[in-house]
Amino acid sequence: MKYEVYQEGSVDKPSLFVILTGSKTISVDLKKTVHTHLLHILGLKDPLNEFYSKFKDDIISNAFNCFPGLRVIRASNNFESLICSICSQNTTVSRWNQMITMIKKCYGERVILPDGTLFYTFPNPESLANASVNALTTCQVGYRAEYIEKAAQMIAKGEVELDSLSQKCYEDAREIILTVPGVGPKVADCFLLYGLGFMKAAPIDVWVQRIVQTWYFKGCNISREKVRKFIQHRFDNWSGYASLYLFHYARKVGITDCYV
DNA sequence: TCCCAGGGAGGAT
DNA sequence: ATCCTCCATGGG
């Protein structure tokens, strides 16, 4: 008896499937395993109250109040997490969702649940490694097609072992994943946080950078690398959470009227 | 038409 | 190390 967890849909319509294969009866042990896995990927074990009480400056406190209970959702599959992170660069969330949906439809496995629900799994590294850049472009991924193909080939060949990265320290894992085409500082930290669960990872995108510059550095221009170091020095193992809350807060209140 | 979107690579300085 | 330009694509 085995189980697999699939996260589906979009930010607006998230859904989650647990697929059990094997015998018809579900053992108590399996129930426990699935339960534990779900607690983990939904971040339900993360002690948010510790986070909220530990950091109380005006900015982060406002973010807490805006999104109480917001959690870091872990990916259930490392390869999917890597490709999704690569796709997220320089685009909008809606187009990002669109890209992933297309990739799954074109290269994933079609699954129909007993209740009739239809969805597609995320393709394995081999499937994407064998896809031509030209064919990938039909998934509306633009210039990222080349990144996706090369990254998939690296993983398929075993040149980078994603699963073994979680055994290493954050810095070593980061250095290795940065060698993958299409993976820069921000994409690397997305994968390290949401894929591998390194809570020290802090993805610094345009929003987090501008917000940190405005709120913590009086509007001075700070490089993304320095912003990352600042976040990690300040929030340590809560850096991933800090960047998540700052990101959503920045987008909610905008960048001009941040002193609320 | 121009600019931006949860950036990265390659090059020049 | 830091700064530039280009990359494909859709929406404002």
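Throughout, a chain's letter reflects where its sequence line sits, starting with A, and its residues are numbered from 1.
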Produce the list of close N/O pairs, under 3.5 Å, pairing protein atoms with atoms of nucleotides 1-6 of chain C; give distances to one decimal.
none

Contact span of DNA chain B against chain A, any nucleotide atom under 4.0 Å from a heavy atom, 5' to 3', runs B/dA5 to B/dA9
Assign A/V183 to base, sugar-phosphate, or nothing according to its heavy-atom contacts below 4.0 angstrom with the strands shown.
sugar-phosphate
Between A/Y241 and A/F235, is the ring centroid distance below 6.0 Å? no
One should report the stems of DNA chain B, each a stretch of at least three consecutive Watson-Crick or G-U pairs at distances under 3.5 Å, as B:2-5 with C:9-12, B:7-13 with C:1-7
Distance-only donor-acceptor pairs under 3.5 Å for side chains of residues 187-207 of chain A, two or more places apart:
| from | atom 1 | to | atom 2 | distance (Å) |
| --- | --- | --- | --- | --- |
| A/D189 | OD1 | A/Y170 | OH | 2.6 |
| A/D189 | OD1 | A/R174 | NE | 3.3 |
| A/D189 | OD2 | A/R174 | NE | 3.4 |
| A/D189 | OD2 | A/R174 | NH2 | 3.2 |
| A/K200 | NZ | A/E171 | OE2 | 2.8 |
| A/D205 | OD1 | A/W207 | N | 2.7 |
| A/D205 | OD1 | A/V208 | N | 3.1 |

Can a donor-acceptor pair be found, under 3.5 Å and without considering hydrogens, that links the side chain of A/T137 to the backbone of A/V133? yes
If you apply the rule salt bridge (Lys or Arg N to Asp or Glu O under 4.0 Å), what do you find for A/K104 with A/E8, and how did you get there? CA-CA 10 Å; A/K104 290 200 278 195; A/E8 258 291 307; 2.6 Å; yes
Write down the distance separating the P atoms in B/dA5 and C/dT2, rounded off to the nearest Å. 23 Å
| request: Answer yes if the side chains of A/N124 and A/Y107 hold a donor-acceptor pair under 3.5 Å, and no otherwise. | output: no
Protein N or O to nucleotides 10-12 of chain C N or O, pairs below 3.5 Å:
| from | atom 1 | to | atom 2 | distance (Å) |
| --- | --- | --- | --- | --- |
| C/dG10 | OP1 | A/Q140 | NE2 | 2.7 |

Problem set entry | Separation between the P atoms of B/dC2 and C/dT5, rounded to whole Å | 16 Å
Next on the checklist: Quiz question: by atom type and distance under 3.5 Å, do the side chains of A/E4 and A/Y6 form a donor-acceptor pair?
Outcome noted: yes
Numerically ordered, the residues 145-160 of chain A set in heavy-atom contact under 4.0 Å with DNA chain B is A/Y147
### Query
Do A/F67 and A/Y249 have ring centres separated by under 6.0 Å?
no
